[in-house]
Amino acid sequence: MAFEKVKRSDNYSEWYNNLVKDADLAEHAAVKGCMIIKPYGYAIWEKMQQQLDKMFKETGHSNAYFPLLIPKSFFEKEEKNAAGFAKECAVVTHYRLKVDENRKIIVDPEAKLEEELIIRPTSEAIIWNTYRSWIQSYRDLPILLNQWANVMRWEMRTRLFLRTSEFLWQEGHTAHATSEEALIETKQMLDIYAEFAETFLGVPVVKGVKTPNETFAGAIETYCIEGLMQDGKALQMGTSHFLGQNFAKAFDVKFQTKEGKLEYVWATSWGVSTRLMGALIMAHSDDEGLVLPPNLAPHQIVIVPIYRTDEEKENVETAAKEIKKKLEANNISVKLDNRDTHKPGFKFAEWELKGVPLRIGIGPRDIQNGTVELARRDTKEKSITSIDGIENTAKVLLNDIQTSIFNRAKVFRDNNIREVNTWEEFQKVLEEKAGFISAHWDGTDITEEKIKQLTKATIRCIPINNPQEEGKCILTGNPSKQRVLFAKAY
RNA sequence: CGGGGUGUAGCGUAGCCCGGUAUCGCGUCUGCUUUGGGAGCAGAAGGUCGUAGGUUCAAAUCCUGCCACCCCGACCA
């Protein structure tokens, strides 16, 4: 129950699981590893979608939709991509059921597909197979598409929002005439993700490049944004891939240049998923529940009326409705909680659990004085403020909440990036403090793998614009030219 | 997929070792009183004990398979 909550300090992962359920965000479905996103959780996702979609369109992208099912043969064409996802693909083998002698529904053995279909784990294959027929000339380029879709990756161990077998995401797939242009696109989308994460989610991120080991299957380079959660673990929040000509070659997508030469097309792909819900929850929430940044909260303000008699109720509700109207006229989303079935104290606790940034309490006393009680979720501060000009007070407060949530997360993140120079220190910091560790690495897969085996820490990324600095690898002592960011990750 | 644990009313649980038809709290429903931080009293409803088999006169309890969830590994957005 909400009353006997597990605290973050007791058991972070239990706290997370409880919060997802108690705040009405999502629950486990009847199907293994899949989730039901509940209306309140989905409303937050919709807010994310709206904003991202806007940002994609502002940078010239359009939405399209490609099918859920991919013929196995398409999938095979880009070998690395296929190998990378092979272990987690669901496969469709039949197209019909029938009722057998025992009145049981069975798969009709007569209805076996000639070629199996893969439920997409990602859509590069089907999209690049399509691009082949769309692209002949440099005049057909660039193609800047995005799709909002579900994908399926048959994960061994799942956690609501962070890793589910089926998840919702957007995947951008662009095609370009030159390598330079594709790289610019890759970095542009990374910047958009970073901006979105910081301004809307209020989660500070490190922009970086993945090591070859961690690069997306089929990509030349994978750029990423990495966030730090309150328990000191890192979370990959978005990736943007420079795919080079890998998919163009695999699917034979060529175009004629101005000079009349035939060349392979250059590609990017980029995505963020419902995992961002997990980031949002883990970065800001506290032992009382969710803490939502105003920019993504389904209700930015909740008004709780307080009354005893019917007469008081009428007066209070009339005033509350006027306030609601005033706020909405200023583009603030407001929920008036006029349920008769619950007392104010209950509502206070419930909306705190659901993370509404600002609460207005209004009762008979306030009506007399022309005031309301304002309570902010992030700091729990309460103040009495005049109804007159409430829209401006609220605007200022909402802005302040948005920035202070971000600042708090940023201070935490910055305090949890530690430069480390010896292997002993590395292990000690990982064990006692977690967070990001900035350390030298000799640049080899073997060392990276070894460190992972020994400590569970992985190289999250090589930060963009990383200062070059001579040093010695934390594990091997071999020469290194720069520090990279290590962390235990989700 | 390997190791450990759990599954009993919407939620959390007792009972299981030692077999005899299920305990308590929260929630739900009805009524009255309440309403500025999770209301009080009175009454009531709600269970094929995860699931499929087996042992037994009798299974929540013992045995086996399966499923789901949690923790720790391997894999991963």
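Naming: A, B, ... by sequence-line order, numbering from 1 per chain. Predicted, not measured: the structure shown is a model, and the values here were computed from it.
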Inset, instruction - Report the distance from atom CG of A:N18 to atom C1' of B:rC11, rounded to the nearest whole Å. - result: 11 Å
Inset, instruction - Step through it carefully: locate the ring centre of A:H299, locate the ring centre of A:W351, and say whether they are under 6.0 Å apart. - result: yes
Inset, instruction - Would you please indicate if the ring centroids of A:F247 and A:Y131 are separated by under 6.0 Å? - result: no
Legend entry - Any A:K343 side-chain nitrogen or oxygen under 4.0 Å from OP1 or OP2 of B:rG36: yes
Legend entry - From CA spacing to verdict: side chain to side chain contact (heavy atoms under 4.5 Å, CB included), A:E449, A:T444: CA-CA 9 Å; A:E449 194 55 43; A:T444 66; over 6 Å; no
Inset, instruction - Check if the side chain of A:E350 and the base of B:rG38 share a donor-acceptor pair of N or O atoms closer than 3.5 Å. - result: no
Legend entry - Partner nucleotide of B:rC32 by Watson-Crick or wobble geometry (both distances under 3.5 Å): B:rG40
Legend entry - Nearest-angstrom distance from the residue atom OH of A:Y490 to P of B:rC75: 18 Å
Inset, instruction - Could you tell me whether A:K354 sits above the aromatic face of A:Y40, with NZ or CZ closer than 6.0 angstrom to the six-membered ring centre and within 45 degrees of the axis? - result: yes
Legend entry - Integer angstrom distance from the C1' of B:rC75 to that of B:rG2: 13 Å
Inset, instruction - Taking only the side-chain heavy atoms of A:F167 (C-beta and beyond), determine which of B:rC70, B:rA77, B:rG38 contains the nearest atom. - result: B:rA77
Inset, instruction - May I have the distance from A:K354 (atom NZ) to B:rG37 (atom P), rounded to whole angstrom? - result: 22 Å
Legend entry - Under 3.5 Å on both distances, the Watson-Crick or G-U partner of B:rU13: none
Legend entry - Pairwise P distance, B:rG3 and B:rU64 [rounded to whole Å]: 15 Å
Legend entry - For atom CG of A:D337 and atom P of B:rU35, their distance in whole Å: 18 Å
Legend entry - B:rG65 to B:rU61 separation - P atoms, rounded to the nearest Å: 16 Å
Inset, instruction - Check whether the side chains of A:E124 and A:H241 place a donor and an acceptor atom closer than 3.5 Å, and report yes or no. - result: no
Inset, instruction - Would you indicate what A:L162 reaches in the nucleic acid, counting non-hydrogen atoms under 4.0 angstrom: base, sugar-phosphate, or nothing? - result: base
Legend entry - No-H, no-angle donor-acceptor pair, A:K382 side chain to B:rG37 base, under 3.5 Å: yes
Inset, instruction - Take A:Q453 and A:T158, find for each the nucleotide of RNA chain B with the closest heavy atom, and name the residue whose nucleotide sits nearer the 5' end. - result: A:T158
Legend entry - Test log, rule salt bridge (Lys or Arg N to Asp or Glu O under 4.0 Å), inputs A:R359 and A:E352: CA-CA 9 Å; A:R359 184 185 72 232; A:E352 270 164 19; 3.2 Å; yes
Legend entry - Phosphate-side-chain proximity, A:K452 and B:rC75, N/O vs OP1/OP2 below 4.0 Å: yes
Legend entry - Donor-acceptor pair present, A:R359 side chain and B:rG37 base, under 3.5 Å: yes
Inset, instruction - Choose from B:rA77, B:rU35, B:rC71 the nucleotide whose nearest atom is closest to any side-chain atom of A:S13. - result: B:rC71
Legend entry - Atom pair distance, as rounded to whole Å: CZ in A:F346 and P in B:rG36: 13 Å
Legend entry - Rounded C1' spacing from B:rA60 to B:rG19 in Å: 10 Å
Inset, instruction - Specify the separation, in whole Å, of atom CG of A:L374 and atom P of B:rG36. - result: 19 Å
Inset, instruction - Report which part of the nucleic acid A:T458 touches: base, sugar-phosphate, or nothing (heavy-atom distance under 4.0 Å, all strands). - result: nothing
Inset, instruction - Using the closest heavy atom to pick a nucleotide of RNA chain B for each, name whichever of A:L160 or A:E214 lands nearer the 5' end. - result: A:L160
Legend entry - Exercise: do A:T268 and A:W270 side chains pair donor with acceptor under 3.5 Å: yes
Legend entry - Modelled atom types, side-chain donor and acceptor of A:Y490 and A:D231, under 3.5 Å: yes
Inset, instruction - May I ask which nucleotide in the shown strands pairs with B:rG2, Watson-Crick or G-U wobble, both distances under 3.5 Å? - result: B:rC72
Inset, instruction - Sticking with atom C1', work out how far B:rU34 lies from B:rC71, rounded to a whole angstrom. - result: 45 Å
Inset, instruction - Starting at atom CG of A:D22, determine the distance to atom C1' of B:rC11, rounded to an integer number of angstrom. - result: 10 Å
Inset, instruction - Assign A:H28 to base, sugar-phosphate, or nothing according to its heavy-atom contacts below 4.0 angstrom with the strands shown. - result: sugar-phosphate
Inset, instruction - Identify which nucleotide among B:rG36, B:rG37, B:rA77 has an atom closest to any side-chain atom of A:E352, counting heavy atoms from C-beta outward. - result: B:rG37
Inset, instruction - With P as the reference atom in both, quote the distance from B:rG38 to B:rC18 in angstrom, rounded to an integer. - result: 48 Å
Inset, instruction - Using Watson-Crick or G-U wobble geometry with both distances below 3.5 Å, tell me the partner of B:rG53, or none. - result: B:rC63
Legend entry - Separation of B:rA74 P from A:E88 CD (nearest whole Å): 16 Å
Legend entry - Rounded distance in Å between the P positions of B:rU56 and B:rU51: 23 Å
Inset, instruction - Using a heavy-atom cut-off of under 4.0 Å over every strand shown, decide if A:T239 touches base, sugar-phosphate, or nothing. - result: nothing
Legend entry - Sugar-phosphate only, base, or nothing, as touched by A:E155 at under 4.0 Å among non-hydrogen atoms: base
Inset, instruction - Between B:rA9 and B:rU23, how far apart are the P atoms? Round to whole Å, please. - result: 13 Å
Legend entry - Residue A:E373, side-chain atoms from C-beta onward, closest of B:rC75, B:rG37, B:rG36: B:rG36
Inset, instruction - Using only side-chain N and O atoms of A:R365, determine if any of them is under 4.0 Å from OP1 or OP2 of B:rG36. - result: no
Inset, instruction - Just compare B:rC70, B:rU35, B:rA77 and give me whichever is closest to any side-chain atom of A:N17. - result: B:rC70
Inset, instruction - Answer with base, sugar-phosphate or nothing: what part of the nucleic acid does A:G33 contact at a heavy-atom distance below 4.0 Å? - result: sugar-phosphate
